[in-house]
Amino acid sequence: DGGDAVVSMSKEFLKKQAIKTFGIASITNFSLTMYAHRQVRLTWAKPTRGLWSGVHFVFKYDSMPTNIGDGFTAYDSADVYYTTPILQERQLYVRAYNYVTVSDGRWYDEGTVSATIRVSGISGSVTLGAGAGTWTVPEGVRRIRYILVGHGGAGIKWFEGGAGGGGGYF
């Protein structure tokens, strides 16, 4: 009569069935563009419906990542863009793994969304530290004039010894 029957299903079986039935939504309009000197900007659109918590990007040079652990950098986002740190001047491949967050971690899709770009330096760019950003100097410009300004200190002249000082003429 089946009164004492026990049915058991593994966690992996339940996961596969849930993903097969409901699916994990995927980002769309995924693209890579050069953003600054050896930096790439990733842009995409979030899914408008379906199960989705975010996207996990895997980066690799010279060939497409084959799984979530096959690459040199990973980045998670629920946003719609990401700018990389400075990269090598090589062919860059990026695969996107969409995921849903569950009580004991994440479930990922198969990583069907991907793109590639040739990373290159931008001629004439000058990178400044301390949050100043990047200047891009147009082609043909041979000289630029700039003034560096400090943010305080002892206020002594640059030719005097000692500590502190902010800004000055060079």
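Because the structure is predicted, anything quoted here is derived from the model rather than measured.
- Taken from OH in Y82 to CG in L42, the straight-line distance is 8.0 Å, to the nearest 0.5 Å.
- Side-chain contact between V119 and R90: absent, with no pair of heavy atoms (C-beta onward) separated by less than 4.5 Å.
- Put simply, NZ on K60 and CG on D70 are 3.5 Å apart, with the number rounded to the nearest 0.5 Å.
- With ring centers used as reference points, Y61 lies 6.0 Å or more from Y93.
- Around CD of E110, the count of heavy atoms belonging to other residues, nucleotides or ligands within 6.0 Å does not exceed 12.
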Q: Please step through side-chain contact (heavy atoms from CB on, under 4.5 Å) for the pair D109 and Y97, ending with a clear verdict.
A: CA-CA 6 Å; D109 69 3; Y97 292 90; 4.1 Å; yes

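- Hydrophobic clustering keeps V80 apart from I117 (ILVMFWY residues linked when any side-chain heavy atoms are closer than 4.5 Å, directly or through intermediates).
- By the 4.5 Å heavy-atom criterion applied to side chains, L87 and V40 are counted as neighbours.
- Contact check for V94 versus L32: side-chain heavy atoms found under the 4.5 Å cut-off.
- Considering only heavy atoms from C-beta on, R106 stays 4.5 Å or farther from V100 through its side chain.
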Q) How far apart are the C-alpha atoms of R41 and T83, what are their side-chain angles, what is the distance that settles it, and do they pass the side chain to side chain donor-acceptor pair (under 3.5 Å) test? A) CA-CA 4 Å; R41 163 101 13 128; T83 303; 2.7 Å; yes

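- Atom CZ of F22 sits in a sparse spot, with 12 or fewer heavy atoms from other residues, nucleotides or ligands closer than 6.0 Å.
- The shortest side-chain heavy-atom distance between F59 and L92 falls under the 4.5 Å cut-off.
- Summarising the geometry of S26 relative to P47, their closest heavy-atom pair is O-CG, 3.5 Å, with the distance given to 0.1 Å.
- No donor-acceptor distance shorter than 3.5 angstrom exists from the side chain of K46 to the backbone of I27, with no hydrogens or angles considered.
- A distance-only check finds a donor-acceptor pair linking the side chain of R95 to the backbone of P65 [under 3.5 Å].
- Legend: residues meeting salt bridge (Lys or Arg N to Asp or Glu O under 4.0 Å) with R118, ordered by chain and number and at least two apart, are absent.
- With sequence neighbours excluded, the residues that form a side chain to side chain contact (heavy atoms under 4.5 Å, CB included) with T28 are A45.
- Considering only heavy atoms from C-beta on, N29 stays 4.5 Å or farther from W44 through its side chain.
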Kindly list each side-chain donor-acceptor pair under 3.5 angstrom involving residues 49-56, sequence neighbours excluded, with atom names and distances?
{"unit_1": "W52", "atom_1": "NE1", "unit_2": "G54", "atom_2": "O", "d": "3.1"}
{"unit_1": "W52", "atom_1": "NE1", "unit_2": "N98", "atom_2": "OD1", "d": "2.9"}
{"unit_1": "S53", "atom_1": "OG", "unit_2": "T101", "atom_2": "N", "d": "2.9"}
{"unit_1": "H56", "atom_1": "ND1", "unit_2": "D76", "atom_2": "OD1", "d": "2.3"}

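- Checked against the 6.0 Å centroid criterion, the rings of F57 and F30 qualify as a close aromatic pair.
- Distance check: S120 OG to M34 CE gives 4.5 Å after rounding to the nearest 0.5 Å.
- Across all their heavy atoms, S10 and F13 have their closest contact at OG-N, 3.0 Å.
- Contact of the R38 side chain with the E89 side chain is registered, since non-hydrogen atoms from C-beta on lie closer than 4.5 Å.
- Looking at heavy atoms from C-beta onward, T116 lies in side-chain contact with Q91 at the 4.5 angstrom threshold.
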